[in-house]
Structure formats: structure tokens, C-alpha cells
Amino acid sequence: MQTHLSVITHKAGIVHINRQSGQLFWEEENLDPVLKQYTKNYLWAEGFIELALGILDPRPNESADLFLDDVLN
């Protein structure tokens, strides 16, 4: 099993996420701290950190299915 999940981002380059601790490692050394925080927030929002840690809930959201049924009927 791989120890890191690697994600390529547009502004921050390649970010490695440790699969055990969730710690982020940046390939670019001189990144602006604001850009690092923005990228970290982006990775959380898009589920990359949860995916790396294995805590992403794979079950579909039933309320979305019910909403689509209401819209289509």
C-alpha cells in the first residue's frame, strides 16, 4: 500500500498527503502561507484528505436521490 496520496494542484503544484496522519508535504519549497492554507482548505472541501485517510463515506446520499425523484415527477 502506498504511504502517500499525491494530488496535483494548479497553483501549489504537487501535494503529498500522508495516509496515516493526513499531514501535507509540498514539493514547492517557497510557497506563500496563504496559498498553502487555501490549498489545504480545497483538499478538505473536495475530499482528498478524507480519501487519503480512508474515512470518505462511499455511501450515496439518499436525499439527493429523493430530490431528483421530486424534480422528475
Side-chain angles (χ1 to χ4, degrees):
M1 184 172 143
Q2 295 178 336
T3 58
H4 295 91
L5 174 71
S6 299
V7 180
I8 300 173
T9 62
H10 181 68
K11 297 283 185 181
I14 300 174
V15 181
H16 304 285
I17 307 168
N18 185 310
R19 289 190 178 266
Q20 290 183 337
S21 67
Q23 185 177 6
L24 303 176
F25 299 95
W26 311 87
E27 283 202 2
E28 294 285 328
E29 294 181 9
N30 297 326
L31 286 177
D32 181 22
V34 174
L35 181 61
K36 281 186 175 184
Q37 186 62 41
Y38 174 81
T39 304
K40 183 177 179 180
N41 291 344
Y42 168 77
L43 294 173
W44 268 112
E46 295 299 322
F48 288 105
I49 296 176
E50 292 96 333
L51 178 66
L53 295 174
I55 58 174
L56 188 63
D57 187 8
R59 294 177 293 165
N61 187 348
E62 293 177 12
S63 65
D65 290 338
L66 295 175
F67 173 75
L68 291 175
D69 288 341
D70 289 342
V71 171
L72 295 174
N73 292 330

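FYI, the numbering just counts along the sequence from 1. Atoms considered below: every heavy atom in the structure, side chains included; atoms not considered: hydrogens, waters and symmetry mates. Please read these numbers as outputs of a predicted model, since none were measured by experiment.
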Please find the pair of heavy atoms, one from [X] and one from [Y], that lie closest to each other, and give the distance.
X: S6; Y: I14; result: CB-CG2, 4.4 Å
X: H4; Y: F25; result: NE2-CE1, 3.7 Å
X: W26; Y: K36; result: CH2-O, 3.6 Å
X: T39; Y: A12; result: OG1-CB, 3.5 Å

Rounded to the nearest 0.5 Å, how far does [atom2] of [Y] lie from [atom1] of [X]?
X: L24; Y: F48; atom1: CG; atom2: CZ; result: 12.5 Å
X: I17; Y: K40; atom1: CD1; atom2: NZ; result: 11.0 Å
X: T9; Y: E27; atom1: OG1; atom2: CD; result: 10.5 Å
X: Y38; Y: L31; atom1: OH; atom2: CG; result: 14.0 Å

Those residues that, when tested against E29, pass side-chain contact (heavy atoms from CB on, under 4.5 Å) (two or more places apart):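 If we apply the side-chain contact (heavy atoms from CB on, under 4.5 Å) test to E29, skipping adjacent residues, there are no hits.
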Cluster check I55, I49: I/L/V/M/F/W/Y, side chain < 4.5 angstrom: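 Linked, I55 and I49 end up in one cluster.
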Side-chain heavy atoms of T3 within contact of R19, under 4.5 Å: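 T3 vs R19: side chains apart.
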side-chain contact (heavy atoms from CB on, under 4.5 Å), paired with Q37, selected from N41, L35, V34: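 Among N41, L35, V34, the one meeting side-chain contact (heavy atoms from CB on, under 4.5 Å) with Q37 is N41.
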